[in-house]
Amino acid sequence: MMKTTVRGLAAAALTLLPLLTASLAHAAETLPLDAAITSLPLADESRTGYQRTSFKHWVDADRDGCSTRAEVLIDESRTAPVIEAGCKVISGEWFSYYDGAVVTAPGGLDIDHMVPLAEAWDSGASGWTPARREAYANDLGAERSLVAVTAKTNRSKSDQDPAQWLPPLADARCTYVTDWVSTKLRWQLTADTAERDALRALAEGCGQETVKYQPASA
């Protein structure tokens with residue numbers, strides 16, 4: 001009886017081992033901002049072959065009737081949003097942290113990819129499968145992968161990295177740098193020299209900021 005019990009326990013442990021290993025592989029991590037920046041792999045960027053359509057976005061991944069855009073609007077509204085049939089969000093209250101604006105009409109908002117699609121392509125996504133690119137473009141698994149901000153600031157940012165563009169609100173910049181680095185680490189994206197130098201310079205004024213991220217499983 002004892003032998004059977006031990007064998008059963010051993011078999012159960014072997015069965016659980018891959019699950020535990022997978023869980024550990026995708027465990028959340030926390031790093032000081034400067035250490036997180038150093039953790040970014042350094043590589044040159046190339047936009048060869050990039051097309052925005054390579055990243056299928058604003059899908060309804062969980063098939064609840066709401067697109068990714070609608071999900072972000074609903075989640076980030078500071079008041080209960082008004083939602084019509086077809087999960088059309090028609091009003092709410094959103095704080096655009098890039099510029100400190102408060103917006104009540106969703107038409108004035110864009111959903112910004114923290115690391116723009118073109119920048120992601122340059123930094124490693126060119127070698128991903130279409131499914132992983134779709135998962136990236138619709139990432140609801142991390143709070144700051146997608147953010148609702150004023151259309152004006154999002155379009156000013158375009159596909160630029162922090163060496164080229166920063167939020168106009170100075171008080172937002174440490175949060176922005178932290179969110180940027182978190183997203184790159186989550187998706188195992190690289191940084192080029194100018195980008196990493198800019199991140200390091202900005203981090204010097206950010207005190208004890210920490211970067212929290214969970215590696216994407218897609």
Side-chain angles (χ1 to χ4, degrees), residues 26 36 39-76 86-89 94 96-98 106-167 175-192 194-196 198-199 211 213-218:
H26 297 104
S39 297
L40 291 172
L42 191 63
D44 293 333
E45 295 185 352
S46 173
R47 194 154 299 184
T48 302
Y50 170 71
Q51 298 180 70
R52 189 170 175 82
T53 53
S54 295
F55 295 82
K56 185 178 180 181
H57 54 288
W58 305 165
V59 301
D60 179 9
D62 58 6
R63 300 188 180 184
D64 66 350
C66 297
S67 69
T68 302
R69 174 183 166 85
E71 298 272 17
V72 175
L73 290 173
I74 292 167
D75 184 61
E76 294 195 6
C87 201
K88 182 179 180 181
V89 182
W94 295 272
S96 169
Y97 94 84
Y98 290 0
L109 295 166
D110 281 352
I111 306 304
D112 182 38
H113 292 94
M114 176 55 57
V115 175
L117 301 181
E119 170 69 20
W121 179 274
D122 297 350
S123 307
S126 59
W128 293 353
T129 64
R132 184 169 172 85
R133 286 196 289 267
E134 179 177 330
Y136 175 83
N138 299 276
D139 184 14
L140 295 171
E143 184 179 359
R144 291 300 192 178
S145 289
L146 301 169
V147 290
V149 296
T150 56
K152 178 181 178 180
T153 54
N154 183 51
R155 293 166 198 183
S156 171
K157 172 183 173 179
S158 186
D159 58 8
Q160 300 176 92
D161 71 26
Q164 304 157 323
W165 185 91
L166 289 169
T175 299
Y176 183 75
V177 168
T178 300
D179 293 345
W180 180 277
V181 175
S182 174
T183 303
K184 284 224 160 177
L185 289 174
R186 172 170 168 76
W187 287 94
Q188 300 175 353
L189 295 169
T190 63
D192 64 18
E195 176 188 348
R196 193 163 72 174
L199 291 169
V211 171
Y213 71 97
Q214 184 167 14
S217 58

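The residues of the chain are indexed from 1 along the displayed sequence. Just the heavy atoms: all of them, side chains too, but no hydrogens, waters or symmetry mates, feed the values below.
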inquiry  = Using the side-chain contact (heavy atoms from CB on, under 4.5 Å) definition, which of the options Leu166, Thr153, Thr150 pairs with Tyr98?
reply    = Thr153
ask   = With distance as the sole test, does Ser156 use its side chain to make a donor-acceptor pair with the main-chain N or O of Lys152 at under 3.5 Å?
value = no
ask   = For Glu143, does the CD atom sit with more than 12 other heavy atoms under 6.0 Å from it, leaving out its own atoms?
value = no
message = A side-chain contact here means heavy atoms from C-beta on lying under 4.5 Å apart; do Arg144 and Ser182 qualify?
response = no
request  = Supply the atom-to-atom distance Thr183 OG1 to Tyr136 OH, rounded to the nearest 0.5 angstrom.
outcome  = 6.5 Å
key: Note, Cys87 side chain near Ile74 side chain (heavy atom, < 4.5 Å)   = yes
task = Any chance you could lay out the side chain to side chain contact (heavy atoms under 4.5 Å, CB included) test for Trp187 and Val115, step after step, and finish with the verdict?
result = CA-CA 10 Å; Trp187 287 94; Val115 175; over 6 Å; no
Show every donor-acceptor pair shorter than 3.5 Å between a side-chain atom in residues 48-58 and any protein atom, with sequence neighbours excluded, or say none if there are none.
residue, atom, partner, partner atom, Å
Thr48, OG1, Ser46, OG, 3.1
Ser54, OG, Gln51, O, 3.2
His57, ND1, Phe55, O, 2.7

ask   = In terms of the angle between their ring planes, are Trp165 and Tyr176 parallel, tilted or perpendicular, with boundaries placed at 30° and 60°?
value = perpendicular
ask   = Can you find a pair of side-chain heavy atoms, one from Leu146 and one from His113, that are under 4.5 Å apart?
value = yes
task = Mind checking side chain to side chain contact (heavy atoms under 4.5 Å, CB included) for Ser158 and listing every partner two or more places apart, or none if nothing turns up?
result = none
ask   = If you look at every heavy atom in Asp161 and Glu195, which pair is closest and at what distance?
value = OD2-CB, 3.7 Å
Nearest atoms (heavy-atom pairs only) where Val147 meets Glu76 = CA-OE2, 3.5 Å
query = For Asp64, does the CG atom have more than 12 heavy-atom neighbours from other residues, nucleotides or ligands under 6.0 Å away?
reply = yes
note = Heavy-atom nearest pair, Ala137 first then Leu117, reads CB-CD2, 4.1 Å
ask   = Less than 4.5 Å apart, any side-chain heavy atom of Leu185 and any of Leu40?
value = yes
Any Trp94 side-chain heavy atom under 4.5 Å of Pro106 side chain = yes
inquiry  = Can you confirm whether Leu73 sits close enough to Ile111 that some side-chain heavy atom of one is under 4.5 Å from a side-chain heavy atom of the other?
reply    = yes
Salt bridge present between Lys157 and Glu119 (N-O < 4.0 angstrom) = no
